[in-house]
Every structure is written in structure tokens, then in C-alpha cells.
2 protein chains.
Amino acid sequence: MTHTGLDEPKPRLGRKRDHTRDPEILDAALDVLAETGYDGMTIDMVAARAKAGKATLYRRWTSKADLVLDAVACMKSSGIDLDELPDTGTLRGDLVAMIKAPSIRDSERKLNVMAGIVSMIARSPELASAAHEALVEPRASANRVFFQRAIARGEIPADCDVERLCMIGPAMVAYSVLMLRKPVDRQFLIANIDGIILPAAGLRATTD
Amino acid sequence: MTHTGLDEPKPRLGRKRDHTRDPEILDAALDVLAETGYDGMTIDMVAARAKAGKATLYRRWTSKADLVLDAVACMKSSGIDLDELPDTGTLRGDLVAMIKAPSIRDSERKLNVMAGIVSMIARSPELASAAHEALVEPRASANRVFFQRAIARGEIPADCDVERLCMIGPAMVAYSVLMLRKPVDRQFLIANIDGIILPAAGLRATTD
DNA sequence: TATATACGGTACTATGGAGTTCCGGATCAA
DNA sequence: TTGATCCGGAACTCCATAGTACCGTATATA
């Protein structure tokens, strides 16, 4: 919700800027970004999608790059809430509990946004870290909690390579969506958990 | 090496087209593609890199899209040779034998090319299938051979989900390079084999 | 009510790159 | 040698889009 637009100075007179529209505009930008990629996206498209004037966009963001950076950064606060993670008592239960229709749609959208900016990322460290914070880190953090809980419970060995285990799910989803262009479903995610992640964590066939 | 350029009709008179330059030009296109992405790449860049004239490129390919499509398709014949796969007698041996410095460089280049065209792929089915054939399928095919051999030997269960197992390695590499922007090394790949792939295939700690 | 600024919308300018044309020189066949 | 076609290179046209300017209108303060 917070963004880095140039909205700090408080002018004294005249009509106030309608900041309630910022999220709508950023959301429109993300839609266009996911559909056409960074270079295919035009400011006119975003303005039209948000039913706003092009000048309005340039009043709030200095450039296309600035708008995209802000839009990507603002995805951080959507989706996974680290304070409300499931806690089912088992590693498998926690991982499965993360599979919900809205969560699948959310991660698919994030990946399409990622697809639209990957080629930029190599040339823009700012965008790279924004994308990492907003698209990669949230899900990795959630997984980290689950695996550390499982270690604390003695459910899996303490010398597990947690960072590597955290990658498996996101890596398989990203590969399926971006490389194979195959949308993921519940069955795919469950099979990843039971067929790859749990065995890699040292757990054999599920008894959950 | 074979490409889809417009080189069929044999003109009768005058100087012949120097087809030995085609691979150099396509290779230059791949370099630029990997460095700047599809939209960042200009025909002038490719021509300059290949020390060729822009007109020469347009004599051979009808458009930028055509050139890129051909360049991507031609990667198919580089890298993995399905007729010369290692056969060490164990699944782990085969997988480890695929890890070689040139192979790592090759797959890193392929992934950077992929990064440069992902956003196009959603809108160009032709490019999508070319990329799949050249960048995704070769490695998956090699892995398929290894897992099927292992099943035939009775080394791993016959009801293994081979397609899913084939994805793990490429998915982890792609995630590391594209999402985490972390180049892979031998240690990373070995850890993936021992920590994820073999356990998922039903093999416990390595005895190889 | 008067003033200042935001709004959505349209018209404009400036820039960069796709694709074309033309050049002098090189290389083939006859 | 000649004529056709290639080559690398440079100069060009054309178009899309980033970014700006201005319109009439809406909404805030004073």
C-alpha cells in the first residue's frame, strides 16, 4: 500500500491529490505488465486501464521506470501475511494449508509480472531488489517458518538444508508456469510436496 | 546449424551468398539477446557484433522476430548430444557426469536467452515452441534416459513420476539464475542431486 | 465567491529503432 | 573481362511511444 511516489510536500492551496487512486493505478500497471511485459506496456495502456489521464500518472511518478518500480514494490504487501501462517502441527499439514485458490492465482500473477520484468532485472539493481522483496522473499519466508518449526518439533533432521528446501516449491511452480507455460493446480502442488519436498526433508511416504 | 532463413531459391548469376556467416550472425544475436533481452536488442547491435551490415541481415531474415526465432531454434543443436550421454551404471553417476564446466556455461547462456524472451513467449506460439525445443526439452530428454535406465536396472521404483523428477534439476537451476540471480556452481548442482533428486526418486543417502 | 490545484482527456514534441535504399568494393559464372 | 549479385556501411523514411502542454471541469481552502 505504501509507495515511493513523489507525494511528500504538502501544498497549501487548491484541490488535494486523490491518493485513494494510487493503488488502482498501480494495480492497473501490474495487470498490463503481466499481460504485455515491460517494453510492451505503454503509459497510455495503464492510464486507460485505470480510467485516469496520462498527465495524472506523470504527476505522481516521474517516469515509466519509476511507476513500474513502485508497482512491483507494492506487491510486497499483498498475498502472504507472515503473522497469519497456518500451524497444523505437521510439516505436510502446513505446506498443504498454503494451497488455496486465491494463493495460486496470486502466485501466478506474480510470476507473470516477473516474466514481464526479468530482462530488466539484470540492468536495474533497484528493480531487482524490489522484485526479490515482493515476489521471491515472502513465500521463502513462509516456508522457512514451516521448516524451522518442523526441526524444532524433531519432525525432520536439524541439519536439513532449509534454504534449499524452501526453494523447491517456488522453483517447481516457476518452472511450470514460465518455462513449460503450464498453469499449476492443486494436484501438481500436492505431488510436489509428497513426491519431492517431504522426501528431501527426510520424510518417507505420508502418514498425515 | 540448420535454420529457417529464406535461402531456398538458387539464383543463377553473380556472387553467391556466404552461408558460412549465418551461424556467426545467429550467435551474435544470441549474445545480444542474452545481454539485453528481446526489446533491448537492436538489429544494429547484432550487425555490429557480427561485423556485418544491417542490410545483410535483412537479406537473410525478414524481420527482427524472424531472426530471433531462427537464433533460438538453432540453439537446439548445441550442447547436449543425446547419442553420447554418459552411462556410469548408477543414477547418481549419470547425473553427476552431466556436470561439466562447459555444460554449466551452456545452460547459463540458455537461461539468459530465455530471460530475454519469456515475456514474448506468451504472445508468440512459434517462439514458445522453438524455445521449448531448444532450451527445455534437450535436458529433460537426457534426464528421462537416466531415470528410465535406473528403473530398468531396478535401482529406483518403476512407478516413479519420471516427468516430475526430470523437472527438478532444471527448475532449481532456472530459479537460482533467473529469480535469485545467483549463478550455479558444481556444489549447488551436486547438493540438488543428493539432497533432492535422489531422495525424491526413493534413494536414501548416497553410497556411490 | 475567488483562487489555486487536481482531475480526465487530447494534442503536441522529441527520440529511437525497424526496415529500406543506395553506395563503392568484392566475388562469383560465363 | 564483363555482368550479376553479394558484401559492409551509411544515410534515409516511417512509426510508435515517452514525456509535455494545455483544455474545460471538479474540488479544495480562505
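Residue numbering restarts at 1 for every chain, and letters A, B, ... go by the order of the sequence lines.
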Arg109(B): what forms a salt bridge (charged side-chain N to carboxylate O under 4.0 Å, His left out) with it, not counting sequence neighbours?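 Arg109(B) satisfies salt bridge (charged side-chain N to carboxylate O under 4.0 Å, His left out) with Asp27(B), Asp31(B) once adjacent residues are dropped.
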
Of all heavy-atom pairs between [X] and [Y], which one has the smallest distance, and what is that distance?
{"X": "Leu91(B)", "Y": "Ala150(B)", "value": "CB-CB, 4.1 Å"}
{"X": "Tyr58(B)", "Y": "Ser63(B)", "value": "CE2-CA, 4.2 Å"}
{"X": "Ala97(B)", "Y": "Thr88(B)", "value": "CB-CG2, 4.3 Å"}
{"X": "Tyr38(A)", "Y": "Lys64(A)", "value": "O-NZ, 2.9 Å"}

Do any N or O atoms from the side chain of [X] and from the backbone of [Y] form a donor-acceptor pair under 3.5 angstrom?
{"X": "Asn143(A)", "Y": "Cys166(A)", "value": "yes"}
{"X": "Arg123(B)", "Y": "Thr36(A)", "value": "yes"}
{"X": "Arg186(B)", "Y": "Ile104(B)", "value": "no"}

What is the separation between atom [atom1] on [X] and atom [atom2] on [N], rounded to the nearest whole Å?
{"X": "Asp18(A)", "N": "dA26(D)", "atom1": "CG", "atom2": "C1'", "answer": "12 Å"}
{"X": "Trp61(B)", "N": "dT20(C)", "atom1": "CH2", "atom2": "P", "answer": "15 Å"}
{"X": "Tyr58(B)", "N": "dC14(D)", "atom1": "OH", "atom2": "P", "answer": "16 Å"}
{"X": "Lys16(B)", "N": "dA26(C)", "atom1": "NZ", "atom2": "P", "answer": "20 Å"}
{"X": "Leu57(B)", "N": "dA18(C)", "atom1": "CG", "atom2": "C1'", "answer": "12 Å"}
{"X": "Arg60(B)", "N": "dG19(C)", "atom1": "CZ", "atom2": "C1'", "answer": "17 Å"}
{"X": "Arg21(B)", "N": "dC7(D)", "atom1": "CZ", "atom2": "C1'", "answer": "9 Å"}
{"X": "Arg49(B)", "N": "dG8(D)", "atom1": "CZ", "atom2": "C1'", "answer": "18 Å"}

Every protein N/O lying under 3.5 Å from an N/O of nucleotides 23-25 of chain C:
{"residue": "dG25(C)", "atom": "N2", "partner": "Arg15(B)", "partner atom": "NH1", "Å": "3.2"}

Using the criterion of both pairing distances under 3.5 Å for Watson-Crick and G-U wobble pairs, give all stems of 3 or more consecutive pairs involving DNA chain D.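 Counting only runs of 3 or more consecutive pairs, the stems involving DNA chain D are C:1-30 with D:1-30.
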
How far does CG of Leu26(A) sit from SG of Cys74(A), to the nearest 0.5 angstrom?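 One finds 5.0 Å between CG of Leu26(A) and SG of Cys74(A).
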
Which ones in residues 31-48 of chain B lie close to DNA chain C, meaning a heavy atom under 4.0 Å from one of its atoms?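 Contacting residues: Met41(B), Thr42(B), Ile43(B).
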
Answer yes or no: side-chain N or O of Lys54(B) and base N or O of dG19(C) forming a donor-acceptor pair under 3.5 Å.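 Donor-acceptor pair under 3.5 Å: yes.
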
Does dA18(D) have its OP1 or OP2 closer than 4.0 Å to a side-chain nitrogen or oxygen of Lys64(A)?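 For dA18(D), OP1 or OP2 has a side-chain N or O of Lys64(A) closer than 4.0 Å.
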
Salt bridge (charged side-chain N to carboxylate O under 4.0 Å, His left out): pairs with one or both residues in residues 96-105 of chain B, sequence neighbours excluded: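 Sorted pair list comes back empty.
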
Report the residues that fulfil side-chain hydrogen bond (donor to acceptor under 3.5 Å, both in side chains) with Gln148(B), sequence neighbours left out, ordered by chain and then residue number.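 Partners of Gln148(B) by the side-chain hydrogen bond (donor to acceptor under 3.5 Å, both in side chains) criterion come out as none, since no residue qualifies.
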
Between dG19(D), dA29(C), dC7(D), spot the one nearest the side chain of Thr56(B), thanks.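 Looking only at side-chain atoms, Thr56(B) lies closest to dC7(D).
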
Quick one: on DNA chain D, does Ser63(A) or Lys51(B) contact a more 5' nucleotide (nearest heavy atom)?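 This one resolves to Lys51(B).
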
Between Val184(B), Leu189(B), Asn192(B), Asp185(B), which is the residue that forms a side chain to side chain contact (heavy atoms under 4.5 Å, CB included) with Ser176(B)?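 Option passing the side chain to side chain contact (heavy atoms under 4.5 Å, CB included) with Ser176(B): Val184(B).
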
